[in-house]
Structures are given as structure tokens and as C-alpha cells.
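The next block holds one structure in the form of C-alpha cells; read it before the comments.
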Amino acid sequence: MFRMPCQPRKGWQQLAGEFGFHFHTMYGEPYWDESAYYQFTLAQIEKDIEDPTAELHQMCLAVVDDVVNSEQLLTRFSIPEAHWGLVRDSWRNRDPSLYSRLDLVYSGTGPAKLLENNADTPTSLYESGFWQWLWLEQQVNAGVLARNADQFNSLQEKLVFRFGEIAQHYQLNQMHFSCCKDTEEDRGTVQYLQDCAREAGIKSDFVFIEDIGLADTGVFTDLADAPITDCFKLYPWEFILREEFGDVLGDAEVNWLEPAWKSIISNKALLPLLWQKFEGHPNLLPSYFADDIPHDAKHSGKWVKKPLFSREGANISLIENGKESELSPGPYGEEGFIVQAFHPLPVFDGNHTLIGSWLVDDMPAGISVREDSNAITQDLSRYLPHIIL
Amino acid sequence: MTNSNKSHNMQDNIQGDMADNKSGIATTSRKRSSGINLSRMRKSYALKPLAIGIASVFLTACGEEKQDAQIYTSLEDCKRDFPDAVERCDAAYKTATEEAMRTSPRFNSEYDCEYEFGANQCRTVNTNSGSVFMPFMAGFMVSQLLSPNRYYSQPLYTSYSPYSSYRSRWVTADGNVFSGDIRKRNYKVGSDTLKPKPTVNRTMKRGGFGSSVRAKSSWGSSSRKGSWGG
């Protein structure tokens, strides 16, 4: 695993405009950064990332099965009691999932470690599945990269195929897609999924989360009053279950993507449960509920404390030898916290590097590489492409 | 300009490469997608989501398997065709009128309804949420009437309004328009046409999702307020 400086493609910003990639620069800072790329060997990709990703996913599914069958665990995961049935049914019916992203710490040697699982609302999908793919094709054709350079990235192919399976499962030929207003990044991610769905023969309609309506018949509607029967939502389950329309989810009978059981995997309570069930697994970091730390760990070692639910790396603290210091403020944490053994991100040319490992349903489908100037919290990360050589 | 021309040429090459590999799934041991069609990924328009209403689609013969369907403008019409199965006609008529109640186009004002369907072609229906206006059912379409469990019946509408694209044509509750004018009574139709239509909904309330975002956004210490994904 190396970080290689590289000549950016001339005029790539204009190309981004033509392909509708509008969030390559965010908040005045570069987000897409092709001034360098990461290079992996095929063995690193297959043995250290792809295989563990598939295995970690299966371990997470095993935890879901435990949680839906235990009222005590559902409470621990802060799933509102009124929705236990919804979550449980979605799991028992095997409601199909579309995709997820595991965040891994990996330095090129040794086992990759799972930091967290973005199983409900993963973003950076377009730049992974399409934009870095295009970068590789063009840099190879321009002679900048070797002809035999490859990339771990079958995301788009697998997403299209998976949409076809989901269409078959629910017997649908149309779906709604939804995200919040005022975020170009989320809208771009959802547009990409609409593009993939279209390739699978599914007609898509878009509605913003805030515009979803409730009809006299009990169904959710879009702005044209058309019923929402099947919906991809880039909106976290932990919000949905606590909001006003959450009360009528049962009657609205929507087939959601991601399905409600993903509320368990995307929850950071997953991490202590994984450690309980698979303690010592090479791809796991020790993790506990913050109110249940074993005595010897309480006053020694280095731990990162995170809320069960959080966005944007908010409300993170570092606990060192029992002393807690806040790393980032934020509005989260009322549902409780977990701690995870501190495991530093590898540093390449002064950048802290995080691997996002994608799954489509249960199949590993590629990686994304993000760099941050900060060692623990991810704030203004940059996205760098990668190759296999 | 030179830059942009260059990038176009590069893409043309890629498209050429792609055209050679149409399988969609990698045939070699490549670990990346092989079948991305770049022309379909282009966005010539600005990203601008819109909720689009149901556009009428003119049904034409194509592809899938079709079945025969007849349109009747009265119960008697049907019984004349099926003298030995008049109770079937009764049932089909009843299904169609019930479906009309559930699925018919509806309008908030009589004017809007008559603009689309013609003068005196609309009726008032009182619902929990107030009065609405619906066109009268102008006929019903049946298929496989004699089949024990697979018969279909659905209401059809037509318009007498000079302003409407439905004028003198048969149209289904969800806006599918049949080719030919209303004198045509026999069609071959696909299974989609015969599927039950969705219930028409009146949205009572919006904004029941999104409150968490409003609450969390007001917290302003982050240098970025962006994605609600992660």
C-alpha cells in the first residue's frame, strides 16, 4: 500500500460538471483529490480487505439476529419500543438490503480493523462507484497509469444487478428515492442510485424527505400525491423512528431501502455486541458500552468514546488511562455511548488514511480511500482514488 | 477549449473499449466494473429534482403477451354478449363501479373536472376530507370474463372536453389512453393495463419527516453542515 503523487487530468472539473459531479469541492475545500492515489497489491485487496469484509458482514448479521430476538438488546440499541415489531418483521421477512460501507483501519500489513459500519445511509458512493472508475480508465488511456492497473470497484455493476433482484423480490417497476433538502452531496448520491436503478429497468421518482405527505388513505405520498410504495431513503432510521410520521409507518406499508433491520447494524451498539460475540477476532477492536466497561479497562489504555447515533464525527471523546477529553462537540449522545479501543489510522505523507469497504447486499464490491488531517474525527476528509497493481 | 476537446477524445476511446465488452459482468479477473455506459451517465442538465405528475402514455402494441379485452358502455351490452353468464356481467359491473370510487381521477373543483372531462360529466363525492369531483364512469373493460379466477374488470372514462387529450378516447383511472376513438370496443392489452389501479390519495399533511434534521442543523459549531448520510 503506497501513496503515489500523480498528475491530475487536465480539465477534470469541467468533466465533473458534464457528469453531474457537483460536490467535488465542498465548503471551499477540495473533496475529490486526484493529485495522488493509493496503490494496493491484489493480495492486500483480496486477503486483507475483501475476505474480511464479507466475514465481518456475516458477523453483523448474526448480531442482528440476536438483537431482534431480545427485548433487552432492543432497549440497549435505543430502538423505540413502538417500533420493535417493525424492525423484527423486516428481519424475519428477510427484507432485502442494498448496500453498506465498513470503515476499516488498514495500513498495508496486518489485519484491517473495523471502526464502524455505515449500513443505513452510506455516502461517497458516486465518487467510488463511478467517478474513481472513470479516473482510472482515463489515466490508463492517457498512459499515465500502467495498462494492467486495476481497481477494487465493481460497485456500479453490482448495484445495477442488485436493483434487478430487488425489483424481482417486490415485483416493482417503479420506486421513490428520497433525501433531505439543502445537501448537494446527498442529492448527488441519490441521483446516482436512481441512475443505477434505471439501468435495472426501474422507473424512479424523487421526493425530498421533508416533502413526504400522509394521505387520507394512510399511505405516504410525493408532491404529485402519488403513493410511495417502495422507497430508497438516504435518511437515518434513528431519525425516522422518532419523528411524527414514524407513528404511522406500519399503516403506510412502504418497502424501504435500506430495510428497518439496518437500524441495528448502523447503530454503534453493534460494536460492543460484535466484541461480546466474537471476542478476539482479528478484524475487531475491543469495544464496550460506556456504562459497562470492565474494571481493568476503566483506568488504563486508550479508548475512543462515541455516541450510539452520531453524524459528522460529532461528540467524540478520547479516554486515556481513565481521563476523558472531548475531541469534538455536537448535539448527539442522549441515547448513550460506547467505547472502542483506540487504533491509530495509518499516516501517509502526513495524512490519516481511512478505508471504506463497500458491500452490495452481502458481496464485497470495492473500496474508497479518504484522508483527513485529523487522527480520529473525520471532518473535512478528502477522497482519493486507488489502483491495484 | 483544447482541454475539453482532449477529454472528449479520451472518452470516445473508452466508449470504444466498452463496446467490445457487452457482457456487463467482468469476464477476466478484473476487479472493477466492466460495463459502464458513459453516455448514460452524462448529465447535460443541472441537477434539479422535480416531482413529476403522471403523464398520459399512449398504449401501443409492443413486446409482452397480450390478452383480449372488451369495453362495455352498459351492463346490458355485456349481458348481450354473455347471455349464459349474466351474473358474471353483474359482478364485473359492480367491481368496476367500486374501483371507480376508489381509483377515479378526482378534482377539488367542478370547474377543473369539467375542464378535463366536459360539461356535466362530473359528480360530487363527499369524503371525510371534504367534497371532491370525479368524472362519471363511461364504460368498463373486462377480460377473461368466463375464467373462474382470473377475470378483470376496470372502469374507463372518456372526455367531451375540447381542451382534453382524452377527448373521444378511452382512458383508464391512471391516465393510460387507448389508441383509436371511443367507437373501438375490442383491444388486446398487456397485463399492466389490467392491473388494479392505485387508490387515489389526498395528502392531508406534509412535513412529518425531517424534524431531526431541523433540530440537529441548528447546532452550528461544525465547519460543515452537509450530508445526513455518513
What part of [X] gets within 4.5 angstrom of chain B, counting heavy atoms only: side chain, backbone, both, or neither?
X        : value
A:Leu155 : backbone
A:Asp150 : both
A:Glu46  : side chain
A:Ala119 : neither
A:Phe220 : side chain
A:Arg101 : side chain
A:Leu249 : side chain
A:Phe23  : neither
A:Ile388 : side chain
A:Asn173 : side chain

field: Minimum heavy-atom distance A:Phe130-B:Met41, with the two atoms named
entry: CE1-CG, 3.6 Å

- prompt: After noting the C-alpha distance and the side-chain angles of A:Leu134 and B:Leu38, does the key distance pass the side chain to side chain contact (heavy atoms under 4.5 Å, CB included) rule?
  reply: CA-CA 9 Å; A:Leu134 185 62; B:Leu38 289 184; 3.8 Å; yes

[X] side, atom [atom1]; [Y] side, atom [atom2] - distance, nearest 0.5 Å:
X        : Y        : atom1 : atom2 : value
A:Phe245 : B:Arg206 : CZ    : CZ    : 8.5 Å
B:Thr203 : A:Leu223 : OG1   : CG    : 8.5 Å
B:Ser29  : A:Leu42  : OG    : CG    : 7.5 Å

message: Restricting to salt bridge (Lys or Arg N to Asp or Glu O under 4.0 Å), what partner residues turn up for A:Glu253, sequence neighbours left out?
response: none

- request: Could you tell me which residues satisfy salt bridge (Lys or Arg N to Asp or Glu O under 4.0 Å) with A:Glu116, sequence neighbours excluded, listed by chain and number?
  value: A:Lys306

Salt bridge (Lys or Arg N to Asp or Glu O under 4.0 Å) assessment of A:Glu137 paired with B:Arg32: CA-CA 10 Å; A:Glu137 296 283 328; B:Arg32 68 182 190 274; 3.0 Å; yes

message: Testing the 3.5 Å rule here: is there a donor-acceptor pair between the side chains of A:Ser154 and B:Ser33?
response: no

query: Do A:Glu244 and B:Ser211 have a side chain donor and acceptor closer than 3.5 Å?
result: no

task: Would you please test B:Ile36 and A:Gln156 for side chain to side chain contact (heavy atoms under 4.5 Å, CB included) and show each step?
output: CA-CA 8 Å; B:Ile36 296 182; A:Gln156 184 159 335; 3.4 Å; yes

Ignoring hydrogens and angles, tell me if any N or O in the side chain of [X] forms a donor-acceptor pair with the backbone of [Y] under 3.5 Å.
X        : Y        : result
A:Glu157 : B:Ser34  : yes
B:Arg40  : A:Glu199 : no
A:Asp225 : B:Arg202 : no
A:Glu210 : B:Phe209 : no

task: Just do the side chain to side chain contact (heavy atoms under 4.5 Å, CB included) check on A:Asn153 and B:Lys31 with the steps written out, would you?
output: CA-CA 6 Å; A:Asn153 181 11; B:Lys31 297 197 77 71; over 6 Å; no

task: Just jot down the side-chain hydrogen bond (donor to acceptor under 3.5 Å, both in side chains) partners of B:Glu114, sequence neighbours excluded, or say none.
output: none

- prompt: So, A:Asp247 and B:Lys205, do they make that salt bridge, N to O below 4.0 Å?
  reply: no

- request: Could you please state which residues from residues 231-239 of chain A sit under 4.5 angstrom from chain B, measuring non-hydrogen atom to non-hydrogen atom, sorted by number, or 'none'?
  value: A:Tyr235, A:Pro236, A:Phe239

